[in-house]
Amino acid sequence: MSETKEEHREYKTDEDFDRAFFKDIERKTNIWQCIQCGTCTASCESGRWTALKTRSIIRKVCLGDLTVLKDPDIWLCTTCYNCYERCPRDVRPTDVIMELRNYATKLGNISPNHRAVVGYLQKFGHAVPINDEVRKRRVELGLEELPPTAFKFKQEGDDKDLKKFEEHLFDLPPVEDKEEKKEKKEEK
Amino acid sequence: MVKEKTFAFFLGCLMPNRYPAIEKSTNYVMEKLGYEMLDMERATCCPAPGVFRSFNKVDWMVAGARNLCIAEQLDADILTVCNGCFGTLQEINKHLKENEEHREMVNEKLKLLGDYEFQGTIDVRHVAEVLGYEIGPWGIEDHIIRKLNVKAAIHYGCHFLKPTRIREIESSEGPTIVEDFVEVLGIESVRFKEQLTCCGAGGGLKAYSGDASMTIFGEKMKNIDNVKPDIILDICPFCHLQYETGQDYLNKNKGCNYDYPVIHLSQLVAYCMGMDQEFVGLQYQLMGRDFIFGGEDVIKEEEEAV
Amino acid sequence: MTVEEKVKKTDEIKGEADSKYEEEPRIGVFVCHCGHNIADTVDVAKVAEYAKNLPNVVKAEHYMFMCSKPGVQMVKDSIEELGVNRTVVASCSKNQHGRTFANAISEMGLNKHRHQQVNIREYNSWVHKKEKAKATYKATRLVEAGVNRARKLEDVETRRVATTKAALVIGAGIAGLRSAHDLAELGIPVYLIEKLSTIGGHMTQLNKTFPTLECPQCSISPLTNGVANHPLVELYTNAQVKSVEGSMGNFEVEVEIKPRYVKDNCTSCGECAAHCPVEVSSEWDSGMAVRKAIYKAYPQAIPATYIRDKKNCIECNTCINVCPVQAIDFSMQKETKTFKVGSIVVAVGYDEYNPTEIEPYHYGQEGYEDVITQLKLERMLAPGSLTNSQLLRPSDAKIPKSVVIIQCVGSRNDQVGNVYCTGVCCKFAVKNARIVKEMYPDSDVTICYIDIRTPGLNFEELYKSAQEVGVRFIRGRPSEIIRDPVSGNLEVIVEDTLSMTPLQLKADMVVLSAAMVPPEGIGPLGSKLHVLRSKEGFLKEFHIKMNPTLSSKGGIFLAGAIQGPKDISESVAQAGNAAALAAAPLVKGYIEREMLVPSVDFDLCVRCGLCKTVCAPAAIEINDDGTPMVNEIACKSCGMCMPACPTGAIQLINFSDEQLLDEIIAISGGGVICEDEL
Amino acid sequence: MSCENIEPEVLEKMENIVVFMCNECGQGSANTAGVARMAYNPAIRIVRVQCTGQIGPIQIMDALSNGADAVACVGCCLGACHFFNGNVLSMHRIKLLKKVFKELGYSDQFVNQYTSRAAEGETAVGDFEDIVIRLATAIREEGTIKDGC
Ligand SMILES: Cc1cc2nc3c(=O)[nH]c(=O)nc-3n(C[C@H](O)[C@H](O)[C@H](O)COP(=O)(O)OP(=O)(O)OC[C@H]3O[C@@H](n4cnc5c(N)ncnc54)[C@H](O)[C@@H]3O)c2cc1C
Ligand SMILES: Cc1cc2nc3c(=O)[nH]c(=O)nc-3n(C[C@H](O)[C@H](O)[C@H](O)COP(=O)(O)OP(=O)(O)OC[C@H]3O[C@@H](n4cnc5c(N)ncnc54)[C@H](O)[C@@H]3O)c2cc1C
Ligand code: SF4
Ligand code: SF4
Ligand code: SF4
Ligand code: SF4
Ligand code: SF4
Ligand code: SF4
Ligand code: SF4
Ligand code: SF4
């Protein structure tokens, strides 16, 4: 799919789509059963206020429209599962969006903030690491200063758990300059 | 067989690292109710279902299974106090118990992380479900020494009940488990419009787009403000964080003037069971620092008189 | 031959089993050239030669056209001259000329079933043109299989059973009434059984009926009166089927009739109800009106006799005292009657789906009184309703300024397990939307739909007419109805999928187009009748296209919505067909069947009953001693019971394991002579 | 994959393939195929039965032990059985049988269930071709069932 071409025309041809690409999603969910009823969008708490339109995302996956992987909208889902609960055809849109995010991540379409969260997990074993103030509070409340999680062991010099996390889990593709700039623009 | 009346206490991230008072309260409540709480040493983030599952579902399952293995080694069911932790661990646990192919795949990868193998011997519980169904309103009455007189807007959050076919707790369209339970603590649940919608924090949205998250939350707060509760009662530290920082944000940026104390179910129950307000930890929170749980002494006396 | 002669002739054929053929099989084999059709590919001479050497074969010939007069004569002659008692013709398919030869041997006094047709044309020469050697070898296999089969063929007799000239119709909705009336007009006495106190079914509850927007009472009353007064129809209301025995042509049905507590001399004056102190919600009005404990469902109800609702009656005896004709009798008891009938028509209709299951719509919950179903809407708009035919919100009796209609409630929904499209709700939704919009032009009427399905003559026109009067159509399925606890206002949340816009529609009233689902109690009724149900719970037709009116059991026919959701015209059409099919054997007076049925070897039978469980036409009954008994009239000769039997005790005649084995041995390549001999 | 790509030595090993066809759509479709002169492998042998629901493991094993290389049942389309639901019963039986074959260490491609439409000869021929293709795969992998037995 060439991007320059797209800018000049409204219509699309078969070449603009890659239906085989989402075979995996087809296998795991029921996207082909979608009747485009819109229950998902109407259920969507995010979509009411943001650009996320669940139904049209499902449609794009059915068509094999790969632009959906670059669509920032897929990151607006709060995983509230309302659509999943209410879809009359059991399409499980939340799962579809999760799968799409997995694909997008593989392609490097991941926001810097999310990258940072992965970094925290690998470094501290927590998506939200502890800070000095909370350490103090813990003591005041009569709790141990550090909870007995992997991070405490790291502090005590036993780093093997988190090292392994870093080595084996959530290996993200390196940041591409172009992507990063784009992301940053969007942030602003 | 797992040990009875014993839980492997899964802390997660937000509770120990932001709201230790919830940790304190949960320990207090469960121990008073006669449960033994075991530390899960070397546990990590659950990992959070919204963000980490979005990046790589397999790795999410592996990291989650690692936490499950720690509890399996303790021979105890896991107790969580967070919808996210519950969501992740309950779902992975159930899925790996059922799906042999994935179990093998995950176990293969677990070996890389250390001496772990998922067996599928334990269950994952949420404190709201343990209190609501196992202890029950009938069981807590003997243990409370204070009754409040407070109107609460109850927020269930999403992942405690949904997806219902995996959680199998209660319908997500009209749950009553928490209402029914806290009624005996003297809490009156006030219904508000779109009560069961999301707080706007999940799915990595808070990290991805604070603005979008706050728009959703702003609507939620408007509906809560319409019914003027005394407190906001939640069952998840992540929702807790959203309600705390969100009110603050709206006050600062949208000209609002909210000051609703945000209280986790564990904090509330601990207080009613006799923990001092100082340990409930409102003084550490952003909202409702001045809130005093209504007339505890009076009620205490009444209770004693009965 | 005239038609009558033909009928007479078939009547005469009786081919009783004849003991004189119990001797050694003598088989005649005839291989046909079919001109070039077979002979060009298959070496017919070789095949005939091969057949000669097979055991019991006394004659093997090949001939240009076996179906020609001389060919058929050859077969006949062999019987006369050589005492051949089983014939094998290897030629075309059984459908084409199988009957020619079977008839020929029957003319010679042999049982038709002693002929074995072997197809070496369609199954062989025509499809293996290029492989002559292989085709010839295949022909020998097929012929040998045919000979093996012929060797053990048994006679099958044809039996005739007299039928009982009476029919039972269950359910007196539009479909049941139509069937009952048609049957009676064909001269057949009919017992019509209705569960409720009044006949007419759902149709009488409707306000106006599409596509013409006619008054349903006006259309149905000639039929209800016609049935109620027909000399050949015996009507029983408050009645339910208790048990059904027997099969096609001869059923015995037990019916339980609950007492009305009012005798037939009731003049329908209404004094009793006027004085009765008890008021309850009226079922017939779908809860949109009240009635007394002694009541008549609606003014035109048939039978017109009042009825006392024992459950709600406080036994104050006021009614007894005020009745001018002493019609009220609390001592009436329930009765059980037994009817002997030849055919049964089941027309028990449907129920409206109860939408409480779809929780986001909050139907029936406190605060959501203004969420109603279409049937309730029909009752509200109907003449003489509690609201005087006006549309008023149940919560505050105000005329709604905005009405939102939601489609596909309980249909097309995997979550509630109804995948089917009801097919009627789009039609009644546009009907009612148009009616409401015409009544209240200032109110907004909106239909939220996934697809509008209005196929057929007049229905798209109806859809268009609704658009013309200004009904708003939004393509999207609402996710939920929310109520503001402070203001009490309802909002319908829906995406307008065509513009990709989530909408929050203010709704003073919401009408749910609920699905049509199988009626309550259909499970037990189905088992009493021994008919199978579809996975959706409706009674399943025998074949969806070729026989949508017959049930899985012979002699029991389906009419109307019980076979699947239908509108009135379709129900009536099917009901007429059901009546015709049900009448046929009764008018003729008998059923004739070849006894191609299984028999049970009681020494082998271990009384497990497994055969019964697979027999779809419910032709197997279990005797008191646990042994199965095949009802020869009900059996459809499918043989499904055979593999179900763990001991091989039950065997279909001429398709028994033993008979098939002989055929299989030959056809699988095992046999007398090896391939290389060819 | 089509029948044309099957190696001659594999094809040669297919001598007798027994196909039980029901009296309705099964027979009908094979007749239609014949009338339309649609060629197929001459190893295909059709046995006429009332309904595929009549065929059980006994018949199938009888055929296999008497020299059949493969066995199949061809009935009406699901939902259109002329005897109500015999084809579904047969399908379940064959599924079970396939499992048994697998457990015993044989290929599960020796027995199969198909449907066809009386008016369309292609459906029957398509079924026959599929039988042959599956059998070819099995033969390539494990040899004929005769060798195995
Ligand atoms: C809201 C709504 C609007 C409609 N509008 C139209 C319209 O405008 N035009 C149109 O053509 N169609 C319309 N229909 C469809 C129409 O109602 C049906 O097509 C028709 O009523 C079907 O008739 P029936 O006789 O098969 O079933 P029913 O009318 O349901 O009759 C079945 C009868 O059997 C009785 N019964 C049930 N169980 C038993 C039992 N166990 N023993 C004895 N008796 C039993 C019932 O009491 C009932 O009297 C509408 C349907 C709905 C829900
Ligand atoms: C493309 C297509 C696909 C379809 N697919 C399906 C499907 O999958 N399933 C389904 O259920 N339905 C299907 N249908 C519908 C189906 O074809 C009809 O429902 C059915 O054929 C109607 O049967 P009929 O006997 O009423 O009419 P016809 O089949 O049209 O028969 C009418 C007969 O009357 C004869 N005739 C006409 N005029 C005269 C005259 N003046 N005198 C004497 N004889 C006359 C005609 O020659 C004809 O033989 C399909 C229709 C189409 C167009
Ligand atoms: S709710 Fe389900 S069927 Fe409807 S549009 Fe969404 S995914 Fe498709
Ligand atoms: S799960 Fe995501 S897409 Fe679905 S309704 Fe919730 S926010 Fe919307
Ligand atoms: S029962 Fe008596 S009072 Fe009642 S309607 Fe009949 S005749 Fe009149
Ligand atoms: S006896 Fe029963 S039916 Fe008669 S008036 Fe009294 S309550 Fe009504
Ligand atoms: S007829 Fe219309 S409303 Fe009814 S189920 Fe079908 S599409 Fe839905
Ligand atoms: S006219 Fe035919 S194609 Fe068009 S909507 Fe109607 S049924 Fe479908
Ligand atoms: S052959 Fe057997 S299964 Fe088939 S109808 Fe007759 S008794 Fe029932
Ligand atoms: S299945 Fe066989 S053994 Fe069992 S009851 Fe029927 S005939 Fe007897």
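All values derive from a computational prediction rather than experimental measurement. Proteins come first, then strands; the chains are lettered A, B, ... in the order of their sequence lines, and each starts at number 1.
- With contacts defined as side-chain heavy-atom distances shorter than 4.5 Å, the pair C:I405/C:C448 does not qualify.
- Counting heavy-atom pairs under 4.5 Å between each of C:D414, C:I493, C:D496, C:V419 and chain A puts C:D414 at the top.
- Using a cut-off of 4.0 Å between Lys/Arg side-chain N and Asp/Glu carboxylate O, A:R27 and A:E99 are scored as not salt-bridged.
- A:I74 pairs in a side-chain contact (heavy atoms from CB on, under 4.5 Å) with only one of the listed residues (A:N109, A:L52, A:L100), which is A:L100.
- Listed options C:R475, C:R412, C:Q504 were ranked by heavy-atom pairs under 4.5 angstrom with chain A; first place goes to C:R475.
- For the side chain to side chain donor-acceptor pair (under 3.5 Å) test with C:E378, the passing option among C:H202, C:K431, C:Q205 is C:K431; the others fail.
- Contacts between A:C87 and chain C at a heavy-atom distance below 4.5 Å involve the backbone alone (N, CA, C, O).
- Of all the listed residues (A:R86, A:E85, A:R89), the one sharing the greatest number of non-hydrogen pairs under 4.5 Å with chain C is A:R86.
- The candidate from C:I450, C:V416, C:T501 with the greatest count of non-hydrogen atom pairs under 4.5 Å with chain A is C:I450.
- Using a 4.5 Å cut-off between heavy atoms, A:Q33 contacts chain C through its side chain alone, with no backbone atom that close.
- C:Y368 and C:H362 have parallel rings, their planes meeting at less than 30° on a 0 to 90° scale where 60° marks the start of perpendicular.
- By the 4.0 Å N-to-carboxylate-O rule, A:K160 lies close enough to A:D158 to be salt-bridged with it.
- In this structure, the portions of A:S43 lying under 4.5 Å from any heavy atom of chain C include both its backbone and its side chain.
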